[in-house]
Protein chains: 2
Amino acid sequence: MKKTISILNDPGFEKKDQILDVAEALFSKHGFDGVSIRSLAKQANINIAMVSYYFGSKENLYIAVIERKMVTIRQYLTEAFPNGGNAWDKLYYIIDRYVDRMVDNRSFMNIVFTEVASENREHIVDFLSKRLADNQEAFGGLIVEGIKSGHFREVDPQLAIMSIIGPLKLYVSNPFMVKKMMNENTIEGCYSSVHRDRMKAHLKDLMTRFLKP
Amino acid sequence: MKKTISILNDPGFEKKDQILDVAEALFSKHGFDGVSIRSLAKQANINIAMVSYYFGSKENLYIAVIERKMVTIRQYLTEAFPNGGNAWDKLYYIIDRYVDRMVDNRSFMNIVFTEVASENREHIVDFLSKRLADNQEAFGGLIVEGIKSGHFREVDPQLAIMSIIGPLKLYVSNPFMVKKMMNENTIEGCYSSVHRDRMKAHLKDLMTRFLKP
DNA sequence: GTCTATATATGGATAGAC
DNA sequence: GTCTATCCATATATAGAC
């Protein structure tokens, strides 16, 4: 209890998170090279020197942004499936959760996907790629299981995974395209529960038709 | 004939294209801000001053990269559909062509998608978005027609489009993920005719199951 | 912890010689 | 057309005062 309060009141903790929040948003919009510490400091309402003070360097800040979110992300994965239920139930369940996770963390997912698609910081690319691979394993294992149990027809699991992640990635990472497609004026409107549910329903429908024997 | 030879022999023409080739590759890998004119000049084997001389500025070079490719890209679109054939034939035809186009121009498509997903150069984003919208219209019109003619069931055309473009974009823009998924060691291997055909077959299969009444 | 001032590097762009 | 040398702006990072 004491510790919680002390963390919450720790001004360093607050400021660090404040910097991380702004950094995540900016890196997501403009990429690592498109963000200067100066503009970041201005928008986060902190002094330029504070970034070095708290994180040491711009790249360390970038890594800190990634690592902070990784904790949250991993919590999703380690949560157990609902007990019982066949391959279909599990697939629907994981699609729902995956959409929510991607939409809720779309700034972060933008950073991840942009970074992995680039050839800039090799060690970060490797790190992120392994994490993404874990996610895909979750889907892949599910599909292989479903094929074995006879609930799904024999498809290529890799292509099945791409068919789920692909449209979803498009949805969370291309605001302009999505605004047009969703007939929305604001970006926030695109990610309202209406469209989110529409996306979930679509992916489940798409996969149902694709996987049913 | 004379003109062709004169263009081919024009050292300016050669050098310009040489710069554009290298620029396209580098912008695709590292993004606009991740490429310096110095590194570009080194890899293109030209003097730093030549970029200014031929293009005026870095941003103009970037625009030139985009405009050069737009000519090629548009040629694909203006080519007519094969005569006759129902909605299914047209869909399969356009999927084949779209995969080829995206794979052949994947460096360029990376630039386009990265740019559109970012919030950096508004006028370029607007320009590219409109071009992308044209592409999507080609798909969209096809699907609406197919629904009207009764060949396709009543689906949301927008979501259908996302289901084609999404996986394809993942395929062409995430080398690392694709290497793993395609079980290939080299990036070139991922885009061999084997995998390309596999992608075409998959998208056609996916859409067939999704669209059939 | 916070700020100012500054060291140092890098990048885009160009003037001017050839 | 091509190159060198240089200007100028901007960037990261830090030293040192408070």
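Residues satisfying the salt bridge (charged side-chain N to carboxylate O under 4.0 Å, His left out) test with Asp89(B), not counting sequence neighbours, are none. By the ring pair (Phe, Tyr, Trp, His ring centres under 6.0 Å) test, Phe210(B) is found to be paired with His202(A), residues two or more places apart in sequence or in another chain being considered. The side-chain hydrogen bond (donor to acceptor under 3.5 Å, both in side chains) test applied to Gln158(A) returns no partner, not counting sequence neighbours. With sequence neighbours excluded, no residue forms a salt bridge (charged side-chain N to carboxylate O under 4.0 Å, His left out) with Lys180(A). Applying the salt bridge (charged side-chain N to carboxylate O under 4.0 Å, His left out) test to Lys69(B) and every residue at least two apart in sequence or in another chain returns Glu24(B). Every residue two or more places apart in sequence or in another chain was checked for a salt bridge (charged side-chain N to carboxylate O under 4.0 Å, His left out) with Glu119(A), and none qualifies.
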Summarise how protein sits on nucleotides 11-18 of chain C as a single string, 5' to 3': B when a protein heavy atom is under 4.0 Å from the base, S for sugar-phosphate-only contact, - for no contact. BBSB----
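When the C1' atom of dT10(D) is taken as reference, atom CG of Asp33(B) falls 13 Å away, rounded to whole Å. The distance from atom NZ of Lys42(A) to atom P of dC3(C) is 15 Å, rounded to the nearest whole Å. Computed from coordinates, the Gln18(B) CD to dG1(D) P distance equals 14 Å when rounded to whole Å. Rounded to an integer number of Å, the gap from Leu40(A) CG to dA13(D) P is 12 Å. A straight line from CD1 of Ile46(A) to P of dA13(D) spans 13 Å, rounded to a whole angstrom. Counting to the nearest Å, the P atom of dT2(C) and the CG atom of Asn45(A) are 13 Å from each other. Atom CG of Asn60(A) is separated from atom P of dT14(D) by 10 Å (rounded to the nearest Å). A straight line from NZ of Lys16(A) to C1' of dG1(C) spans 13 Å, rounded to a whole angstrom.
Each ring pair (Phe, Tyr, Trp, His ring centres under 6.0 Å) pair with one or both residues in residues 158-187 of chain A, not counting sequence neighbours, appears once here: Tyr171(A)-Tyr191(A).
Using a 4.5 Å heavy-atom threshold, the side chains of Asp156(B) and Arg198(A) count as touching.
Annotation: the terminal axes of the helix from dG1(C)-dC18(D) to dC18(C)-dG1(D) meet at 10°, where each axis is the rotation carrying the C1' atoms of four end pairs onto the next four (5 pairs per end, rounded to 10°).
Comment: Asp134(B) engages Arg131(B) in a salt bridge, judged by a side-chain N to carboxylate O separation of less than 4.0 angstrom.
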